[in-house]
Number of protein chains: 2
Amino acid sequence: MSAKTTPGPAADRRKRDAAATRQAILDAAVDAFTRHGYDGVGVRDIARDAGVTAMLINRYFGSKEELFAEAVEVSFAPPTVITGTGSELAERTARTLAARTAPEAEELGPFLLTLRSAANPRAAEIMRDAIARHAGRRLGEELPGDDAGMRAELMLAVQAGVWLMRRVLGTAALAAAPPEELARYVTLLFQVLDPPAAEAGMPHP
Amino acid sequence: MSAKTTPGPAADRRKRDAAATRQAILDAAVDAFTRHGYDGVGVRDIARDAGVTAMLINRYFGSKEELFAEAVEVSFAPPTVITGTGSELAERTARTLAARTAPEAEELGPFLLTLRSAANPRAAEIMRDAIARHAGRRLGEELPGDDAGMRAELMLAVQAGVWLMRRVLGTAALAAAPPEELARYVTLLFQVLDPPAAEAGMPHP
DNA sequence: GCGCTCATTCTACAAGTGTATACTTCAGGT
DNA sequence: ACCTGAAGTATACACTTGTAGAATGAGCGC
């Protein structure tokens, strides 16, 4: 009846392949850290999901913190945060966001990883660096103007906020919001930060 | 050299006053949960800050989780999230946000508490309910229109996102952003969600 | 002054944390 | 067929976690 600490079912057909095992651990780590946050998972949990014992994590990654750093890198590297370029950037990104944060969707990704691990200071540091190197940099290059960096991070802020309220907390109104209506407002928000015509959409305050 | 588990200095001049002790614990809890998140603090930490022993927490609040619920209530109850009403709501709230999230500011508040505790599912549930009863409700009543609830939560989302990027993670561009320039963009974002004239600021997408 | 009551603390426990050392077991080259 | 080096596991340790039960001690009415 007791499962003890025996390797999980994931190891059933993988035999002593160091590279594959390392990858399995890393995959399990990304998944677990994204679902439960840095402080919410133990190395034993990750090891079980990967079908190994906890000690292999330290063998291959040195420590839990270094494993987290690699998991963050994996999660932030692919350019899935913004979709589309130029004039369609705002609307396409908004639609993608609305779809992915739907309550029934079970998509993971860097925003969930960030939100759920942000409480830990070391994890926060690691993620700040990763954002600077990946999402922030890419988005900053996409946007025009001299304060592009700030606007890019504001765009990430809006996305993170929606992920938080809709998927992590699950507040009522956003959870029940029709995707197209949500996408409409988010598009307007993004257009403030990425004005289609340089100064056209800018009312003087 | 060792501090052991002796009561902290906060208890020096408070003598066997149950109500005052309970309040001291609650204050320490709000502070600690806001700084380190639900999973980042132990009951012993909170007890030490309050100048008591860990067991008093269970005596007065039942469990760590119930203490957290009360701390959330205390943190969310005062209406400090939005400042101003009507046409000045957007700009004033934006200015307040920019000031409070400045890297050198050390203000706490419900957003930090939420962001740092969101990883824990039970904590998330508790905070979702608190938002519905406090910030979300108040803001929803302030905004006009029928989808006010959704726009109110989007406004909270924008604020939470800025808190996350600027204060929790400390990303470069937002940390270095001049307050007035940040406030300018955030004002524009809020005006999308709280249009000064009902349909004037609404470009057809 | 005395005793009672309740605020507060002591001791303890069972479970879980990250990680180090020592051990076992398998695959491949010769 | 072996032996060696690497892949993987077992055991253990020192520590922290939330919470339970019993013991203690101070203040107040009398």
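In what follows, chains are A, B, ... by sequence order, proteins preceding strands, each numbered from 1.
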Please give, in whole Å, the distance from [N] [atom2] to [X] [atom1]?
{"X": "B/N120", "N": "D/dG18", "atom1": "CG", "atom2": "P", "answer": "11 Å"}
{"X": "A/R22", "N": "D/dA6", "atom1": "CZ", "atom2": "P", "answer": "17 Å"}
{"X": "A/L56", "N": "D/dT11", "atom1": "CG", "atom2": "P", "answer": "16 Å"}
{"X": "A/I57", "N": "D/dG8", "atom1": "CD1", "atom2": "C1'", "answer": "13 Å"}
{"X": "A/M55", "N": "C/dT19", "atom1": "CE", "atom2": "C1'", "answer": "6 Å"}
{"X": "B/D17", "N": "C/dC6", "atom1": "CG", "atom2": "P", "answer": "15 Å"}

*Using heavy atoms and a sub-4.0 Å distance, could you list which residues of residues 58-69 of chain A are near DNA chain D? By number, please.*
A/R59, A/Y60
*Is there side-chain contact between A/N58 and A/M55, with at least one heavy-atom pair below 4.5 Å?*
yes
*Scan for side chain to side chain donor-acceptor pair (under 3.5 Å) pairs involving residues 169-182 of chain B, sequence neighbours excluded, and state none if there are none.*
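Output for this query lists A/E153-B/T171.
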*Record whether the side chain of B/R44 comes under 3.5 Å of the base of D/dG18 through a donor-acceptor pair of N or O atoms.*
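For B/R44, whose side chain was compared with the base of D/dG18, there is a donor-acceptor pair (under 3.5 Å).
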*Would you please name every residue forming a ring pair (Phe, Tyr, Trp, His ring centres under 6.0 Å) with B/Y38, sequence neighbours left out?*
B/F33, B/F68
*Could you walk me through whether B/R95 and B/E91 pass the salt bridge (charged side-chain N to carboxylate O under 4.0 Å, His left out) check?*
CA-CA 6 Å; B/R95 277 201 223 278; B/E91 188 172 346; 2.3 Å; yes
Output a table of donor-acceptor pairs, distance under 3.5 Å, between side-chain atoms of residues 70-79 of chain A and any protein atom two or more places apart or on a different chain; print 'none' if there are none.
| unit_1 | atom_1 | unit_2 | atom_2 | d |
| --- | --- | --- | --- | --- |
| A/E70 | OE1 | A/R22 | NH2 | 2.7 |
| A/E70 | OE2 | A/R22 | NH2 | 2.7 |
| A/E73 | OE1 | A/R133 | NH1 | 3.2 |
| A/E73 | OE2 | A/R133 | NH1 | 2.4 |
| A/E73 | OE2 | A/H134 | NE2 | 2.7 |

_For B/R166, side-chain hydrogen bond (donor to acceptor under 3.5 Å, both in side chains) partners two or more places apart_ = B/T101
*Contact letters for nucleotides 25-30 of chain D, in which S counts primed atoms plus P, OP1 and OP2 and B counts the base, heavy atoms under 4.0 Å*: BBS---
